[in-house]
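By convention in this document, chain letters (A, B, ...) are assigned in the order of the sequence lines, proteins followed by strands, and residues within each chain are numbered from 1.
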Number of protein chains: 2
Amino acid sequence: MKLTSTTKKFILHWGEMGTRWGISRSVAQIHALLLISPEPIPADEIATTLEIARSAVSAGIKELQSWGLIRIVHHMGDRRDHFTTLDDVWETFLLILRERRRRELEPTVAVLRECAAEAASTKAIPATTLKRFSDLAELLELTDRWCDRAQSLSPAGLKRLANLGDKVFKLLG
Amino acid sequence: MKLTSTTKKFILHWGEMGTRWGISRSVAQIHALLLISPEPIPADEIATTLEIARSAVSAGIKELQSWGLIRIVHHMGDRRDHFTTLDDVWETFLLILRERRRRELEPTVAVLRECAAEAASTKAIPATTLKRFSDLAELLELTDRWCDRAQSLSPAGLKRLANLGDKVFKLLG
DNA sequence: TTGTAATTTCAGAAAAAACTGAAATTTCAG
DNA sequence: CTGAAATTTCAGTTTTTTCTGAAATTACAA
């Protein structure tokens with residue numbers, strides 16, 4: 001795929017943001033490329049466009065698939081897999097939320113609950129530390145619940161909620 | 001500071017989670033240690049407790065300070081800086097939100113707006129790509145606004161909102 | 001001032017992460 | 001089946017990130 005200065009700018013930026021959020025630069029770049037490609041593209045085209053090895057693309061695709069962020073499409077008369085992102089960015093957002101919840105939020109809540117329980121049953125850990133474990137567990141559990149409830153929304157529903165921001169904050173007066 | 005198996009578990013887990021969110025392991029560990037320390041501790045104690053070089057602690061502290069996550073405290077008769085986290089985890093949450101918004105969300109929205117504008121004014125970029133830029137910009141801008149509104153809440157207010165989850169989702173019927 | 005403790009800086013080392021290219025494996029049309 | 005295309009695996013390399021320890025700087029008590 002031919003990149004323009006605009007598409008290049010987006011891909012590079014998305015790659016940088018990836019690194020800030022724990023995603024490797026080239027995986028994020030692959031995602032960026034697929035996000036803006038007008039149609040599904042095969043792995044070798046990703047490799048030549050981003051100037052990375054075919055094998056790195058293979059690994060990157062596997063990673064993106066583990067997040068559920070890309071789909072495989074086939075074309076008549078072409079044995080190669082062609083890759084594409086979902087077409088709704090809100091659905092993408094929900095997927096990322098779901099995975100981060102599963103991979104990071106829930107395990108962390110579990111660890112914090114364990115730590116709180118252990119801290120409660122030993123004199124070796126001061127009360128202030130126990131309180132900290134509980135406070136963190138509470139915060140992350142509430143965050144977890146928000147993420148969970150979001151999962152029950154359709155992409156369009158999530159978008160509607162996002163637009164309802166003002167009303168939500170007024171709930172607090 | 002003497003670590004128990006419980007506090008060790010928490011520090012190691014927090015360090016791992018750091019790496020998943022783009023924070024270096026040892027910086028996250030320093031943060032974890034300060035989170036659970038009953039009182040402020042000096043840099044050299046952080047170094048010996050976590051078994052890392054004093055200079056690494058210095059860099060880590062600088063990083064945490066750039067996020068606003070730690071405070072310096074002084075004790076009579078001790079020239080060393082002692083470090084501590086905020087005591088409200090909801091305030092910590094707000095700080096992280098604020099910084100991520102400033103460092104990542106806003107620059108990304110800006111780039112997407114630029115890309116959309118450029119895509120709109122050249123035939124070299126297909127309409128589908130322009131749409132993708134706009135959709136992403138819209139999503140991130142709405143996210144940005146939520147983060148912004150959260151900033152106007154007190155830590156206690158944020159906690160109240162977090163507990164209001166069910167009501168918020170019922171707004172959608 | 002002066003000397004010492006505390007902190008920071010920084011060049012090089014070490015560790016971790018990511019990438020390459022060749023080989024192995026899988027897939028599938030003929 | 002057979003062979004070529006497509007994909008994956010993986011050992012070794014490169015790149016990036018992080019860490020160390022010595023030296024420089026800063027802060028401050030005497």
Colleague: Is a side-chain donor-acceptor pair under 3.5 Å present for A/Ser55 with A/Ser58?
Modeller: no
Colleague: Residues sharing A/Trp21's hydrophobic cluster, by side-chain heavy-atom contacts under 4.5 Å among ILVMFWY, directly or via others?
Modeller: B/Trp21
Colleague: For B/Pro40, enumerate each residue passing the side-chain contact (heavy atoms from CB on, under 4.5 Å) test, keeping only those at least two apart in sequence or located in another chain.
Modeller: B/Val73, B/His82, B/Thr84
Colleague: Let me have a per-nucleotide readout for nucleotides 25-30 of chain D, 5' to 3', with B, S or -, counting only protein heavy atoms under 4.0 Å.
Modeller: --BS--
Colleague: For B/Ala120, which residues count as a side-chain contact (heavy atoms from CB on, under 4.5 Å) partner, sequence neighbours excluded?
Modeller: B/Leu130
Colleague: Just to be sure I follow the notation: if a pair is Watson-Crick (purine N1 to pyrimidine N3 plus N6-O4 or O6-N4) or a G-U wobble (N1-O2 and O6-N3), each under 3.5 Å, what dot-bracket string does DNA chain C give, with | for pairs to another strand?
Modeller: ||||||||||||||||||||||||||||||
Colleague: Just checking, any donor-acceptor pair under 3.5 angstrom between side chains of A/Arg103 and A/Ser66?
Modeller: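 Looking only at side-chain atoms, A/Ser66 and A/Arg103 do form a donor-acceptor pair, the distance falling under 3.5 Å.
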Colleague: Using a strict cut-off of less than 4.0 Å between a Lys/Arg side-chain nitrogen and an Asp/Glu carboxylate oxygen, indicate whether B/Asp166 and B/Lys170 qualify as a salt bridge.
Modeller: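 A salt bridge is absent here (no side-chain N lies under 4.0 Å from a carboxylate O).
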Colleague: Can you name the atoms? Protein N/O to nucleotides 8-13 of chain D N/O, anything below 3.5 Å, with the distance.
Modeller:
from, atom 1, to, atom 2, distance (Å)
D/dT8, OP2, A/Ser58, OG, 2.9

Colleague: Whole Å only: how far is the CG atom of A/Asp78 from the C1' atom of D/dA5?
Modeller: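 Spelled out: CG on A/Asp78 to C1' on D/dA5 is 10 Å.
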Colleague: Checking A/Phe133 now: which residues fulfil ring pair (Phe, Tyr, Trp, His ring centres under 6.0 Å) with it, not counting sequence neighbours?
Modeller: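 For A/Phe133 the ring pair (Phe, Tyr, Trp, His ring centres under 6.0 Å) partners, ignoring immediate neighbours, are B/Phe10.
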Colleague: Looking at residues at least two apart in the chain, or sitting in another chain, which of them share a salt bridge (Lys or Arg N to Asp or Glu O under 4.0 Å) with A/Glu118?
Modeller: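 Salt bridge (Lys or Arg N to Asp or Glu O under 4.0 Å) list for A/Glu118, sorted by chain: B/Lys9.
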Colleague: Got a sec, which pairs hit salt bridge (charged side-chain N to carboxylate O under 4.0 Å, His left out) with one end in residues 71-83 of chain A, sequence neighbours left out?
Modeller: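 Residue pairs with at least one partner in residues 71-83 of chain A: A/Asp44-A/Arg80, A/Asp78-A/Arg80.
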Colleague: Any luck finding a side-chain donor-acceptor pair between B/Thr85 and B/His31 under 3.5 Å?
Modeller: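 Not at all, the side chains of B/Thr85 and B/His31 share no donor-acceptor pair under 3.5 Å.
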Colleague: Under the criterion side chain to side chain contact (heavy atoms under 4.5 Å, CB included), which of A/Ile30, A/Ile36, A/Thr6 is the partner of A/Ile11?
Modeller: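 The residue from A/Ile30, A/Ile36, A/Thr6 that satisfies side chain to side chain contact (heavy atoms under 4.5 Å, CB included) with A/Ile11 turns out to be A/Ile36.
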Colleague: Report the residues that fulfil salt bridge (Lys or Arg N to Asp or Glu O under 4.0 Å) with B/Asp148, sequence neighbours left out, ordered by chain and then residue number.
Modeller: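 Partners of B/Asp148 under the salt bridge (Lys or Arg N to Asp or Glu O under 4.0 Å) test: B/Arg101.
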Colleague: Figure out the CD/C1' separation between B/Glu16 and C/dA17, and round it to whole Å.
Modeller: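 Rounded to whole Å, this separation is 13 Å.
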Colleague: If the condition is side-chain contact (heavy atoms from CB on, under 4.5 Å), which residues does A/Val109 pass it with, not counting sequence neighbours?
Modeller: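 Only A/Arg113, A/Leu140, A/Glu141 meet the side-chain contact (heavy atoms from CB on, under 4.5 Å) criterion with A/Val109.
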Colleague: Provide, to the nearest angstrom, the distance between the CD atom belonging to B/Glu51 and the P atom belonging to D/dC19.
Modeller: 14 Å
Colleague: Whole angstroms only, please: what is the NE2-P distance between A/His74 and D/dA5?
Modeller: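 Going from A/His74 (NE2) to D/dA5 (P), I get 17 Å.
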Colleague: Short of 4.0 Å, heavy atom to strand atom, which residues of residues 17-50 of chain B count as contacting DNA chain D?
Modeller: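 B/Ser24, B/Ser26, in order of number.
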